[in-house]
Amino acid sequence: MTFSYQIKSLEKYREAYQKSIENPEAFWEEIAAHFTWQKKWDTILSYNFIEPKIEWFGGAKLNITENCIDRHLANRGEEIAIIWEPNDPKEQVRSITYTELHKQVCMVAQMLTNLGVKKGDRVCIYMGMVPELTFAILGCARIGAIHSVIFGGFSAQSISDRLADAQAGYIITCDGAERGNKTINLKSVIDDALVGNEQVKKVIVFTRSKIPVAMQKGRDTWWEDEMEQAGQQVEKNGVVSFPAEPMHAEDPLFILYTSGSTGKPKGVVHSTAGYLLWTNYTFLNVFQYQLGQVHFCTADIGWITGHSYIVYGPLSAGGTTLMFEGIPTWPDAGRFWDIVAKHKVNILYTAPTAIRSLMAFGLEPLKNKDLSSLQVLGSVGEPINEEAWHWFSQHIGKGNCPIVDTWWQTETGGIMISNLAGITPQKPAHATLPLPGVIPVLVDENGIEIIGNGVSGNLCIKQAWPGIIRTTYGDHERCKTNYFSTYPNLYFTGDGCLRDEVGNYRITGRVDDVLNVSGHRIGTAEVENAINRHSGVIESAVVGYPHDVKGQGIYAYVIFEESNHNQNLTKQDILQTVTRIIGPIAKPDKIQFVLGLPKTRSGKIMRRILRKIAEGETQSIGDTSTLLDPNIVDDIIAGAF
Ligand code: WTA
């Protein structure tokens with residue numbers, strides 16, 4: 001495979017960008033010609049941002065797994081598609097060739113078919129980072145079932161909400177997940193999530209941890225047994241095959257739930273052709289991936305970064321993707337560096353929060369680690385501070401590796417603003433320039449576009465790119481309200497942004513009620529709803545505050561019904577409640593009990609004030625005269641951390 005659409009110079013970037021803006025149809029048609037289609041398109045792009053309705057490659061048919069697997073078999077069948085590094089470094093590594101991946105995916109497709117799964121059915125996947133997770137995802141895509149992966153850290157309640165929203169009929173899970181020195185009992189979380197659920201017909205359980213699990217007769221079945229049977233069905237005379245379902249370009253590929261400013265997470269829906277092109281194009285261009293290189297994205301596949309840059313981007317390129325099961329600090333804080341040395345990793349793509357937490361261990365864990373294979377470093381998920389950027393560049397990249405600071409979102413499908421490694425200029429803490437196809441605009445509160453350089457505003461995107469969100473599952477109106485109604489004819493990102501003197505973009509963080517905690521998106525309303533489930537809580541308000549490692553920490557102000565409760569015990573109770581309702585990632589870092597919240601006369605909580613207090617900026621609270629009871633502010637300040 002050649003990647004003639006890989007941009008090799010700044011000049012070529014400018015040319016490609018210009019063309020993608022002036023004539024997006026011609027630009028993407030040329031790129032589309034490099035993929036495998038079962039039927040070519042009638043139209044290339046038609047869209048409006050009002051309904052919104054977006055259609056790329058109308059009339060075309062394809063299957064994403066033929067693009068991620070089958071087309072590599074002839075020439076790259078024996079190349080490694082997936083390297084799996086287990087949680088325990090003493091355990092055996094697994095290397096999966098494209099030929100083996102093909103077989104496994106055909107088997108999963110057959111297994112799902114045997115169990116009654118059909119095109120368009122929703123399959124929820126709740127597994128640890130094992131290769132079978134990737135087989136499961138691609139097996140769904142092979143038959144046109146819509147996968148919805150749920151991050152292993154979410155609680156039974158969160159899963160149950162997502163299952164109901166997606167109306168999922170099937171679940172694929174593991175007995176347990178290995179993370180550091182812990183085994184997490186995933187199947188029992190699923191059992192809890194399924195209490196009262198009448199929609200789920202089958203639960204497939206892959207054995208990872210060999211822990212005892214309860215199997216419900218008729219509903220639960222073992223992956224190993226099903227796969228054995230499927231294996232016999234897909235192989236005839238030594239040839240493995242399972243037909244790839246013809247999918248319309250716009251057929252949904254997956255649903256991924258993400259937090260917004262309202263209470264309930266929303267199911268972001270991505271489509272087949274657009275998502276394939278966007279993840280492939282951005283993967284090849286941003287990281288400048290060359291065949292044979294080992295790409296290590298440290299995200300979990302439960303998040304969009306894992307979907308796009310562990311699974312679909314690298315595999316669509318015929319690349320080698322590394323899946324790591326464990327955590328960066330186990331058995332010690334040198335784990336990432338051991339993995340880089342062991343597998344000769346060429347591209348390391350991680351999050352600022354991981355960099356900052358490893359920085360805190362100093363340089364000792366880096367001693368005698370051979371990082372010479374590294375060629376490109378990447379950052380994603382939150383703004384990277386300059387200190388972390390320089391540490392990453394100097395101590396990990398040894399001053400020789402470009403760093404790509406990639407800005408994007410679950411809703412954008414793939415990277416939107418980033419330098420191209422070694423090709424376009426980098427600037428610490430700046431995502432820099434938009435990818436071809438992306439037109440960023442900054443707007444003020446009134447929706448007026450801010451022209452020129454050296455300015456800041458709310459970041460929006462003009463013009464549809466292939467990877468854009470198509471809908472929020474089961475509630476298209478919500479997609480419209482969330483992203484397309486704030487500013488007419490623009491996609492609104494929810495992020496604030498600066499554009500420097502020469503046009504580089506720097507993302508400053510969310511301007512809505514969404515927090516970014518260790519690179520995870522969490523809605524303040526979601527955390528408040530969880531806290532309010534504690535029987536003693538009358539009301540709560542949650543805001544973010546700057547946190548050295550996590551980027552943002554969660555600060556909760558809580559009104560409790562009794563004044564003389566044991567505060568420490570109540571705090572523990574509240575933390576447990578949040579863990580039960582959402583999961584440990586949403587646990588507040590600080591809980592302050594208050595007698596009242598700063599509300600306007602119309603009853604609206606003034607979060608601006610609460611944010612200032614949480615940030616320790618009590619001198620610059622600003623005008624409190626519109627508050628119903630301004631004295632409340634002094635009380636809160638007096639009790640603040
Ligand atoms: C933030 C993760 C600054 C941003 C891919 C966005 C970033 C949210 C960057 C999306 C970056 C992501 N610089 N901020 N390079 N990348 N963000 O949906 O606030 O989990 O809106 O997607 O993360 O988070 P999500």
Side-chain angles (χ1 to χ4, degrees), residues 35-39 61-74 77 81-82 96-127 130-149 166 168-174 200-207 221-249 251-255 270-273 275-276 301 307 310-312 315-316 318 321 323:
F35 292 81
T36 299
W37 302 84
Q38 295 177 355
K39 177 178 176 292
K61 286 195 176 165
L62 76 165
N63 188 292
I64 201 165
T65 68
E66 289 188 318
N67 285 281
C68 288
I69 309 171
D70 303 52
R71 66 175 175 148
H72 310 313
L73 293 177
I82 302 171
I96 294 132
T97 62
Y98 274 97
T99 302
E100 180 63 20
L101 179 63
H102 174 252
K103 180 173 177 184
Q104 294 290 332
V105 169
C106 287
M107 283 162 69
V108 174
Q110 180 70 57
M111 163 174 80
L112 294 174
T113 305
N114 292 347
L115 293 171
V117 185
K118 300 206 165 50
K119 176 177 177 175
D121 286 348
R122 276 79 54 219
V123 178
C124 163
I125 304 179
Y126 185 68
M127 300 171 87
V130 287
E132 283 68 18
L133 165 56
T134 303
F135 306 159
I137 288 174
L138 295 172
C140 287
R142 188 97 177 162
I143 64 169
I146 303 171
H147 59 77
S148 184
V149 182
Y170 305 87
I171 297 178
I172 308 178
T173 188
C174 297
V200 171
K201 301 190 223 49
K202 287 283 171 203
V203 179
I204 305 167
V205 186
F206 171 71
T207 310
T221 182
W222 294 106
W223 168 287
E224 292 75 10
D225 296 345
E226 298 292 341
M227 284 287 269
E228 196 190 320
Q229 188 197 335
Q232 288 164 8
Q233 291 168 275
V234 296
E235 191 162 344
K236 291 209 175 63
N237 307 324
V239 180
V240 174
S241 72
F242 189 94
E245 183 72 25
M247 303 294 286
H248 284 289
D251 275 341
L253 174 64
F254 66 85
I255 307 172
H270 281 291
S271 70
T272 305
Y275 179 79
L276 166 67
I301 292 179
H307 278 61
I310 298 178
V311 181
Y312 288 110
L315 296 179
S316 68
T321 183
M323 272 180 87

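Values below: all heavy atoms of this structure, side chains included; hydrogens, waters and symmetry mates excluded.
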Could you please spell out the steps behind the side-chain contact (heavy atoms from CB on, under 4.5 Å) verdict for T113 and Q233? CA-CA 11 Å; T113 305; Q233 291 168 275; over 6 Å; no
Between H72 and L315, is there a donor-acceptor pair closer than 3.5 Å when you use the side chain of the first and the backbone of the second? yes
Hey, what do you get for CG (D70) to OG (S241), rounding to the nearest 0.5 Å? 10.0 Å
Does E228 CD have over 12 foreign heavy atoms under 6.0 Å away? no
May I have the step-by-step check of side-chain contact (heavy atoms from CB on, under 4.5 Å) for K61 and M247, ending in yes or no? CA-CA 5 Å; K61 286 195 176 165; M247 303 294 286; over 6 Å; no
Hey, could you give me the CG/CD distance between L276 and E66, rounded to the nearest 0.5 Å? 11.5 Å
Distance col, row L133:CG vs I125:CD1, nearest 0.5 angstrom, shows 6.5 Å
Expected output: side-chain E132 to main-chain F206 donor-acceptor under 3.5 Å: no
side-chain contact (heavy atoms from CB on, under 4.5 Å) between L138 and V108, intermediate numbers included: CA-CA 8 Å; L138 295 172; V108 174; over 6 Å; no
Minimal non-hydrogen separation, I96 against P131, with atom names: CD1-CB, 3.6 Å
Return the OH to NE2 distance between Y275 and H270, rounded to the nearest 0.5 Å. 6.5 Å
Donor-acceptor side-chain pairing of Q229 and D225 below 3.5 angstrom: no
What distance separates L253 CG from S271 OG, expressed to the nearest 0.5 Å? 8.0 Å
Quick one: are M111 and W223 in side-chain contact, heavy atoms under 4.5 Å? yes
Please report the shortest heavy-atom distance between Q110 and V234, naming the atom on each side. CB-CG1, 3.5 Å
Do T36 and L62 come within less than 4.5 Å of each other through their side chains, counting heavy atoms only? no
Quick one: closest heavy-atom pair of A168 and C124, and the distance? CB-CB, 4.2 Å
Determine whether a donor-acceptor pair (N or O, by modelled atom type, separation under 3.5 Å) exists between the side chain of N63 and the backbone of E245. yes
For the backbone of G120 and the side chain of R122, can you confirm whether one donor and one acceptor N or O come within less than 3.5 Å of each other? yes
What verdict does the side-chain contact (heavy atoms from CB on, under 4.5 Å) test give for L112 and I172, after you've listed the backbone C-alpha separation in whole Å, the side-chain angles of each residue and the deciding distance to 0.1 Å? CA-CA 10 Å; L112 294 174; I172 308 178; 4.1 Å; yes
Smallest heavy-atom separation, G77 atom then T97 atom, equals O-CB, 3.4 Å
Would you say T321's side chain and V311's backbone share a donor-acceptor pair under 3.5 angstrom? no
Sub-4.5 Å side-chain heavy-atom contact between T272 and H248: no
When you check the side-chain N and O atoms of E226 and T221, is any donor under 3.5 Å from an acceptor? yes
What are the two closest non-hydrogen atoms of C68 and Y98, and how far apart are they? O-CE2, 3.4 Å
Apply the side-chain contact (heavy atoms from CB on, under 4.5 Å) test between N67 and each candidate in F35, W37, Y312; give the one that qualifies. F35
Verify the distance criterion only: is there a donor paired with an acceptor across the side chains of R142 and T65 at less than 3.5 Å? yes
In terms of the angle between their ring planes, are H307 and F254 parallel, tilted or perpendicular, with boundaries placed at 30° and 60°? tilted
Starting at NE2 of H102, measure out to CZ of F242 and round the result to the nearest 0.5 Å. 10.5 Å
For a quick test of reading the model, state the closest non-hydrogen atom pair linking L115 to Y170 and the distance between them. O-CE2, 3.6 Å
So does K39 have more than 12 non-hydrogen atoms from other groups sitting under 6.0 Å from NZ? yes
